[in-house]
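For reference, the structure discussed in these notes is given below.
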Amino acid sequence: MGDNKAVVLFSGGQDSTTCLYWAKERFDKVYAVCFSYNQKHSAEIDVARKLANQAKVDFQLLDASFISSLSKNALTDASIKMDEDNNCPNTFVPGRNLFFLSMVAVYAYEHQIKNIITGVSEADYSGYPDCRLNFIESATKTINLAMDQEFIIHTPLMNLDKSEVWALSDKLGVFDLIREETLTCYNGLIGKGCGHCPACKLRNNGLANYLTLKKGI
Ligand code: ZN
């Protein structure tokens with residue numbers, strides 16, 4: 001199994017792009033796996049492909065469209081209005097990371113990749129259960145038992161808030177690239193986005209905090 005190889009769960013957003021460059025610093029060979037699951041904004045996939053090419057890593061799109069036939073949510077169903085109240089995000093897709101991690105582990109198995117990297121974080125508001133460390137630890141155990149492997153699932157952003165994710169991208173030398181070319185906005189707008197969806201608010205508040213901190217240094 002390739003100890004020096006890593007695969008990143010990659011969406012072309014701020015978090016996974018930071019993870020991609022974090023991985024490039026640590027591993028000899030990096031792969032980016034992106035999922036299509038009938039996202040409202042297919043631009044996301046084009047952005048991910050372009051960023052992966054720019055980073056000179058292998059890009060693989062995997063079809064996870066079965067997810068949209070299982071559950072209705074605001075990320076895949078155009079008839080559901082995006083919830084702008086952060087208390088109960090209707091952007092939750094039940095089981096999404098469990099599916100994604102299982103699929104990416106099969107990909108890793110086939111390509112002899114030992115390291116799997118995901119940009120999940122439990123520091124931010126969202127409270128998605130499949131972004132928490134206890135889930136990742138449990139998933140690692142389950143996947144390794146299922147495939148008789150010793151995959152390591154890395155979560156470099158687990159305890160970082162958005163301002164600290166910006167700091168990390170700066171440290172990795174990709175602050176401007178991530179600020180201008182990644183897509184986090186639920187309304188499909190690159191860079192600073194629409195400014196009012198929950199993802200934009202989180203991203204832009206984190207950026208403002210980071211820039212304030214940086215000025216103070
Ligand atoms: Zn937005």
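When reading the values below, keep in mind they use all heavy atoms of this one structure, side chains included, and skip hydrogens, waters and symmetry mates. Whatever order the structure lists them in is the order used to number ligands and atoms, beginning at 1.
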Residues C19 and G119: closest non-hydrogen pair is SG-CA, 3.4 Å

Within the 6.0 Å centroid threshold, strictly below: H196 and Y186 = no

Measure from the ring center of Y109 to the ring center of F151 and say whether it is less than 6.0 Å.
-> no

Could you list the residues that satisfy salt bridge (Lys or Arg N to Asp or Glu O under 4.0 Å) with D63, not counting sequence neighbours?
-> none

Salt bridge (Lys or Arg N to Asp or Glu O under 4.0 Å) against E137, all qualifying residues, sequence neighbours excluded = none

Taking only residues two or more places apart in sequence or in another chain, which ones pass ring-ring contact (aromatic ring centres under 6.0 Å, His included) with F100?
-> F35, Y37

Result, protein N, O or S atoms below 2.8 Å from the Zn ion (ligand 1), excl. waters, equals 4

